[in-house]
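Chain identifiers are assigned alphabetically (A, B, ...) following the order of the sequence lines, protein sequences preceding nucleic acid strands; residue numbering begins at 1 within each chain. Keep in mind it's a predicted model, so treat the numbers as computed, not measured. What you see below is based on every heavy atom in this structure, not just the backbone, and it leaves out hydrogens, waters and symmetry mates.
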Amino acid sequence: MGIRVRYAPSPTGLQHIGGIRTALFNYFFAKSRGGKFILRIEDTDRERYSEDALNDLYNTLNWLGIDWDEGPDKGGEYGPYVQSERTELYREYARRLVESGHAYYCYCSQERLEELRERQKKDKQDFGYDRKCRDLPESEIEEYKRDGVKPVIRLKIPLEGETVFHDYLLGDITKKNIDISPDPVLLKSDGYPTYHLANVIDDHFMSITHILRAQEWLPSCPLHVVLYKAFGWKVPQYCHLPMVMGSNGQKLSKRHGATAVRDFIEKGYLPEAILNYVSLIGWSYDDSREFFTKEELEKLFILDKLNKSPGIFDYKKLDWFNGHYIRQKSNDELKALLVPYLIKYGFVEPARLPDISGLLDGIVAIVKERLKVLSDIKELAWFFFKEIDNYSPEEIIPKKLNAAKTIEILESIKKHLPDIFSRSEDKVEELIKFLAENAGVKLGDFIMPLRVAVTGSNVSPPIIDSLKLLGIEKTTARLERAINILKNEVGNG
RNA sequence: GUCUCCUUCGUCUAGUGGUUAGGACAGCGGGUUUUCAUCCCGCCAACAGGGGUUCGACUCCCCUAGGAGAUGCCA
C-alpha cells in the first residue's frame, strides 16, 4: 500500500503557524511520494470545541491551496473522518482493552487527582497518577457503581521493561516503561476518547503509514506504542518534527505577536509567502535556494532534509518573503488584492470602483515596491483619498531654509502646475530642476515642501507621479493650504 | 522534581574527518534615486565548554552546561 498521512487538528482554536507547518509537511510528503493526504477532525474535547475554529481550519487550508484526498467533506473509504462520529468504535476498543487486561476502570474523582497533583508538586515527587484503581478490590468497585460514579478507562502501562520505537529523524528512542506517563486516561467519563486512544485507533483503521507531527508529541509516543502493542497492531513510522518557537525560544504563542494564520491573512500576507517561509522552518532544500512555490515543494520535499532543532519564527524574514511575492504579482493581480483594503479603510466605495480604475492602476504602480504587507497601502496611499491632516510648519520647511523661502518654492510650483500636468515625465523633471536652480536651492529641498504639502508626510511615493494621480485641482488646493499655513507662521513669527 | 529531545553567525540554515566554515534575513556602510522603498555592491557576525578517538575534528564517542518539550478526564 502507498503512503498515507494525515493532518488531524483539533477544532479548539484558530489555525496557527505551527499547525499549518505540520499540515504542509504532511501534504508535501504525501504529494512528493505519490501518497494520500487525509484530513481528520479530532473533536473529542467537547468543552473547548468551537464552530469558529472548524471554519477557520477550512478557510486556512483553502487559502493556502492545500487539498486533501480524504476528509469530512470529501469522504473516503475510511470514514467518517470526524472523531465525534466514531465514538462507538473507541468505546468498543477501550472495552476490549479492559477485557484483555491492558486497561482498567478508574473511579477517582477530579478533585482527588487535583489534590494528588498538588501534593506531588509540593513534595517535589514525580508527577502523575498513583494508579490507585489499577488493582481495586471487587467490593470497592461495587460501591462506586452503587454510587453511580462514572469511571474513566486507563491504560495499564507495564511496570517493568522498556518501550522502543524508531523515529525517522531522531533514530531509535528507548524509554523505560516506568518513565511513561503512569496509566493515562483513554476514555473519559463523558464517553469520549482522549487523544491517545482516538489517535491510535484512527491511524490504525485509516491505514496511516507515516505520522509526521510536532516534537511536543515525542514524550507521549511510547505510550502510543504501548497501545499499539496492546491491540496487537503494527506501529506506524514516526517522524517528529522540530517545533516552531517564538523570539524568546519558547513555544510560539500569542505574546510573540500574530500566530493565527487568520491574522496574517488580515494584515495582508500572501499565501505564497506564508507557505514558502513556513516550509523553511526546520527544513531546507540545499545550501542557498530560498524560493519555492507550492507546486515545487510538492515535488521537492524530502524528509531527509529535515532539521532536528527547533526553529524560531522570524517575522522579519516573513516580511521579506511577502514583499518579494507582492512584487512578483502583475499590477492587475495586485490591484485586485488591494481593493478590499481600500474599501476596508473607507478610502473607496465599492460602487465607485469602476470610475476610479485608472487612479487605482496608477497607485498600484507606484506602491508596488513599497509594500511589505497589503495593509501597508493604508499609510502609503491614504492621501489620495482623504484630506490630509495638519502637518507642522517644521515638517514642511527644509532644515536649511525658512518659511519665506518655502513659500517662494511652493508659489513657484503652483504657478507651473499647468506645465507639470501637461508635460511628459522627463520634461517635468527638467522643469523642476530648472525651477530649483532658479530658486537657488538643492533639488531635494525644493521638492520636500511639495511632498509634505501634497501628501502630508516627508515620506511618500514618488511625488510627481502622486500629484498627477491626485489631479491639478486637489494639488492646487493643497499647495494653497500649505502656503497659508506658512504665511501665518511668518505673521506670527 | 522526573523523563525525553535539541545545541554552526542575532535569526533560518549549508556542511556528514582535511573548506579562507557557504547562503539568506536582520543590522551596518556605499551606489542608483526627489523622500521612502526597490535594485546593486560591500562589511559585521557562528561551530556552547571540557575531555577523548584520529596524522587531522564543526563533523565520531563521553561528560558538563544551556535551551526546549512533556509530565491533564487538552490536543
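- A:Gln120 places a side-chain N or O within 3.5 Å of a backbone atom of A:Gly128 that can act as its donor or acceptor partner.
- Dense packing is recorded around NZ of A:Lys368, with more than 12 heavy atoms of other residues, nucleotides or ligands lying under 6.0 Å away.
- Note on A:Ser220: nothing from the nucleic acid sits closer than 4.0 angstrom, heavy atoms only.
- Closest approach of A:Leu467 to A:Thr475, counting heavy atoms only: O-OG1, 3.5 Å.
- Remark: side-chain polar atoms of A:Asp376 are paired, donor with acceptor, to backbone N or O of A:Val373 under 3.5 angstrom.
- Contact check for A:Leu24 versus A:Tyr7: no side-chain heavy atoms found under the 4.5 Å cut-off.
- Across all strands, A:Lys305 comes closer than 4.0 Å only to sugar-phosphate atoms, never to a base (heavy-atom distances).
- Across all strands, A:Glu47 comes closer than 4.0 Å to no nucleic acid atom at all (heavy-atom distances).
- The separation of B:U13 from B:G50, taken at their C1' atoms, amounts to 27 Å, rounded to a whole angstrom.
- Nucleic acid contact for A:Cys108: base, since at least one base atom lies under 4.0 Å from a heavy atom of the residue.
- Taking atom C1' in both B:A57 and B:G51, one finds a spacing of 14 Å when rounded to whole Å.
- As the counterpart of B:A37, no nucleotide is assigned, since no Watson-Crick or G-U wobble pattern has both distances under 3.5 Å.
- At most 12 heavy atoms of other shown residues, nucleotides or ligands fall within 6.0 angstrom of atom CZ in A:Phe434.
- The residue A:Thr44 sits close only to the backbone: its heavy atoms come under 4.0 Å of sugar-phosphate atoms, none of a base.
- Every residue two or more places apart in sequence or in another chain was checked for a salt bridge (charged side-chain N to carboxylate O under 4.0 Å, His left out) with A:Arg451, and none qualifies.
- Side chains of A:Thr12 and A:Asp45: no donor on one and acceptor on the other come within 3.5 Å.
- If you check B:U13, B:U34, B:C25 against the side chain of A:Lys317, the one that comes closest is B:C25.
- One C1' atom belongs to B:C58, the other to B:U4, and the distance between them is 25 Å to the nearest Å.
- As judged by a 4.0 angstrom heavy-atom cut-off over every strand, A:Arg327 is placed among residues touching the sugar-phosphate backbone only.
- Within 4.0 Å (heavy atoms only), A:Gly323 reaches no atom of the nucleic acid at all.
- Not a single donor-acceptor contact under 3.5 angstrom links the side-chain atoms of A:Thr194 to the base of B:C73.
- Remark: B:G69 base-pairs with B:C3; criterion is Watson-Crick or G-U wobble with both hydrogen-bond distances under 3.5 Å.
- Residue A:Val152 is in base contact, counting any heavy-atom pair closer than 4.0 Å across all strands shown.
- Only the P atoms considered, B:C6 is 12 Å distant from B:C62, to the nearest whole Å.
- Nucleotides B:A21 and B:U16 are separated by 14 Å at their P atoms, to the nearest Å.
- Across all strands shown, A:Asn458 has heavy atoms under 4.0 Å from base atoms, whether or not it also approaches the sugar-phosphate.
- Close to B:A14, at under 4.0 Å from its OP1 or OP2, lies a side-chain N or O of A:Asn307.
- Of the candidates A:Asp304, A:Val278, A:Leu297, A:Leu297 is the only one forming a side chain to side chain contact (heavy atoms under 4.5 Å, CB included) with A:Trp283.
- For the segment residues 367-379 of chain A, the set of residues with a heavy atom within less than 4.0 Å of an atom of RNA chain B comprises A:Glu369, A:Arg370, in numerical order.
- Atom name C1', nucleotides B:C43 and B:A48: the rounded distance is 26 Å, in whole Å.
- Ring geometry for A:Phe291 versus A:Phe321: interplanar angle over 60°, hence perpendicular rather than tilted (30 to 60°).
- For A:Ser460, taking side-chain heavy atoms from C-beta onward, the closest of the listed nucleotides B:C73, B:U11, B:U35 is B:U35.
- If you check B:C36, B:C73, B:U7 against the side chain of A:Val459, the one that comes closest is B:C36.
- For RNA chain B, the neighbouring residues in residues 110-132 of chain A, judged by any heavy atom under 4.0 Å, are A:Gln110, A:Leu113, A:Arg117, A:Lys124, A:Gln125, A:Asp126, A:Phe127, A:Gly128.
- Across all strands, A:Pro461 comes closer than 4.0 Å to base atoms (heavy-atom distances).
- Aromatic ring orientation, A:His224 versus A:His196: tilted (interplanar angle from 30° to 60°).
- Taking the P atom of each, B:G1 and B:A37 are spaced 49 Å apart, rounded to whole Å.
- Among the heavy atoms of the strands lying under 4.0 Å from A:Leu170 are primed sugar atoms or P, OP1, OP2 only; no base atom is included.
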